[in-house]
Structures are given as C-alpha cells and as structure tokens.
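Since the structure is predicted, the reported quantities are computational estimates derived from the model, not experimental observations. Throughout, a chain's letter reflects where its sequence line sits, starting with A, and its residues are numbered from 1.
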Amino acid sequence: MITAAGRLRRLYRRLLDSYGPQGWWPARGPTEVLIGAVLTQHTSWRNVEQALLRLRAVSRLTPAAVLAIAPEELARLIHPAGYPRVKAHRLRQLLSWCHARGGVAALRHLPTDTLRSELLGVHGVGPETADSILLYALQRPLFVVDAYTRRLFSRLGLIGGAEHYDAIRRPVERALRGATQDLNEFHALIVRHGKEPCRPRPHCAACQLVKICRYPVSLRPHD
DNA sequence: ACCCAGGGTCATA
DNA sequence: TATGACCATGGG
C-alpha cells in the first residue's frame, strides 16, 4: 500500500456521497454478526440470508441456543449458505469460544489486541472474519479487507495486488484516523460499489474510473 | 456450461 | 513463502 492517506479519504468521501450510509452490519443482534461473518465466507449475502432465516425459525440466535443444535442438524439448517459441514463446524468453534468467554456482552471488556489474536486462534476464523466481528459486533476501529477491497484498490493503483492483509488494513486505519464509524462505512461502501459494478458516464462518480469500471466482476484481485 | 459470491485450511514444493 | 485443491450452494 503506497502512502496515500489523502486519496483514501477522498475515495471514502466520494463513495459516501454516491451511495449514502449503508448502516452495516445487516443483523438483528451481535451474535448474528458472528454467525453471518462465518456464513458469508466466499458466499453471496443472498444465500446467507436464507440460511439465517432457517436458523431463526428454529432457534434463538444466542451462542448457547445455537450450540444446543446437533452439528448435523445445524449443517442441514445452514445448507443454503454452502459448505454446510465446514461452516457448521466453524460456527460451533466460534460460538464455543464466545460462550466460554461469557457471551458477546462480556467480550466488550477485553482489549482489541487480545480479542483479535483469540479470534484468529479459532479454527475457521481468518483475518477478514475476525475483523468483521471486531468492527461490526464490537465496534473496534479496524478496517476489513476483502476481495472487493483488493480489486478496487488494485484498479486504482493503490496496491499492486500481492500485499498482505495487514499491509492494506493499517494504512486505511491511519488514513481514517481510527474512526470506527468511518471504517464501518468505508468497508460497507466498498462492498456496495463492488456488488453494483458502476457504469462510467463518462466515469464512475464513486471511484472515478473510466475504463476499468466497464469490466464488471470478471477482474480478479491480482488482475 | 460456465463464472461468481462480503474466505479459510491443508498439503505440497 | 506461495501456489493449488478442497469445501457447496444459488444466481447470472
């Protein structure tokens, strides 16, 4: 990531002006953020919603209640989100950790560094899932780097494409001065912009790209 | 019949 | 360190 705090701030401002606040995370409660963060791994939010509907229909979405569901049954319930057995196992690992820690409310007392390293220690929780939970369930000032972020930053020349996760995350956190609400909106807006590929007329008002925006979603992070 | 979606782990070189 | 296979469903 080249040191481009000003460019990052202007990009954020343009995205916000174009789309308005996104009001993330789309969940009813904090535990649902944890569950959704696992379910949405390499999966469209549309499919995740179906899985959440099926889960909500049979259980309260608290760690204890979901852990009371038999693993095979849990897998069956979440199957619209894909990778049912993998995700059922990951959900159980994550919710067991949370439950052992006294529930989501109890997590608020712990420092961000501690929470992040413990989350990364949970099997099936990588950096994006951990940071989504920390930002959207616990309001910690972290920037979430996902495939849309890499693609957009790479198209804008802000990164080469091979940067490590933290090498993208930290500069954005500095550029936005660790303001939780801005980090929240920035990531949500990047996803919004990525989901609705902008049509240049003559250029995209949000990212200001002319040519690249005409290539919808086919470009990969390293293109 | 492809390609893609708000990733992560594991085996291998 | 860095690739590739694997996990699996639903929509374009």
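Annotation: proximity of residues 23-32 of chain A to DNA chain C (heavy atom, distance under 4.0 Å) is found for no residue.
Using atom P as the reference point in both dA5(B) and dA2(C), the two lie 23 Å apart (nearest Å). Rounded to a whole angstrom, the distance from the P atom of dG8(B) to that of dG10(C) is 22 Å.
In this structure, Arg92(A) contributes its side chain and Leu67(A) its backbone to a donor-acceptor pair below 3.5 Å. At distances below 3.5 Å, at least one donor-acceptor pair connects side-chain atoms of Tyr165(A) with backbone N or O atoms of Val145(A).
Salt bridge Asp17(A)/Arg14(A): absent, no basic N to carboxylate O contact under 4.0 Å.
Qualifying ring pair (Phe, Tyr, Trp, His ring centres under 6.0 Å) partners for Phe186(A), counting only residues two or more places apart in sequence or in other chains: Tyr12(A), Phe143(A). Arg177(A) is linked by a salt bridge (charged side-chain N to carboxylate O under 4.0 Å, His left out) to nothing, counting only residues two or more places apart in sequence or in another chain.
Nucleic acid contact for Arg85(A): sugar-phosphate only, since backbone atoms but no base atoms lie under 4.0 Å from a heavy atom of the residue. Among the protein residues, Val86(A) comes within range of the sugar-phosphate backbone only, with heavy atoms under 4.0 Å from sugar or phosphate atoms but none that close to a base. The residue Val125(A) sits close only to the backbone: its heavy atoms come under 4.0 Å of sugar-phosphate atoms, none of a base.
What separates NE2 of His42(A) from C1' of dC6(C) is a distance of 11 Å, to the nearest Å. The CZ atom of Arg150(A) sits 14 Å away from the P atom of dA5(B) (whole-angstrom rounding). Separating the NE2 atom of His164(A) from the P atom of dG8(B) is a distance of 14 Å, rounded to the nearest angstrom.
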Restricting to nitrogen or oxygen on both sides, can you table the protein-nucleotides 10-13 of chain B pairs closer than 3.5 Å?
none

Filtered N/O pairs between nucleotides 9-12 of chain C and protein, under 3.5 Å:
residue : atom : partner  : partner atom : Å
dT9(C)  : O2   : Asn47(A) : ND2          : 3.2
dG10(C) : O4'  : Asn47(A) : OD1          : 3.3
dG10(C) : O4'  : Asn47(A) : ND2          : 3.1

> Given Watson-Crick or G-U pairs with both distances under 3.5 Å, what dot-bracket string fits DNA chain B, with | for other-strand pairs and [ ] for crossing?
Replying inline: .||||.|||||||
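Counting only residues at least two apart or on different chains, the side-chain hydrogen bond (donor to acceptor under 3.5 Å, both in side chains) pairs with a member in residues 132-146 of chain A are Arg108(A)-Gln139(A), Thr112(A)-Arg140(A), Asp146(A)-Thr149(A). Applying the salt bridge (charged side-chain N to carboxylate O under 4.0 Å, His left out) test to every pair with at least one member in residues 69-88 of chain A, sequence neighbours left out, gives these pairs: Glu73(A)-Arg76(A). For residues 22-33 of chain A, every residue pair satisfying the salt bridge (charged side-chain N to carboxylate O under 4.0 Å, His left out) rule, not counting sequence neighbours, is listed here: Glu32(A)-Arg56(A). Among pairs with a residue in residues 35-54 of chain A, none fulfils salt bridge (charged side-chain N to carboxylate O under 4.0 Å, His left out), at least two apart in sequence or across chains.
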Check: residues 34-41 of chain A side-chain donor-acceptor pairs under 3.5 Å, at least two apart:
residue  : atom : partner   : partner atom : Å
Thr40(A) : OG1  : Thr43(A)  : O            : 3.2
Gln41(A) : OE1  : Arg90(A)  : NH1          : 2.7
Gln41(A) : NE2  : Gly124(A) : O            : 3.0
Gln41(A) : NE2  : Thr129(A) : OG1          : 2.9

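Taken from CG in Leu61(A) to CG in Leu52(A), the straight-line distance is 7.0 Å, to the nearest 0.5 Å.
Grouped with Val86(A) in one hydrophobic cluster are Tyr83(A), the linkage being side-chain heavy-atom contacts under 4.5 Å among Ile, Leu, Val, Met, Phe, Trp and Tyr residues.
A close approach under 4.0 Å does occur between a side-chain nitrogen or oxygen of Arg151(A) and OP1 or OP2 of dA5(B).
Paired with His187(A) under the rule side chain to side chain contact (heavy atoms under 4.5 Å, CB included), one option of Val144(A), Asp131(A), Leu142(A) passes, and it is Val144(A).
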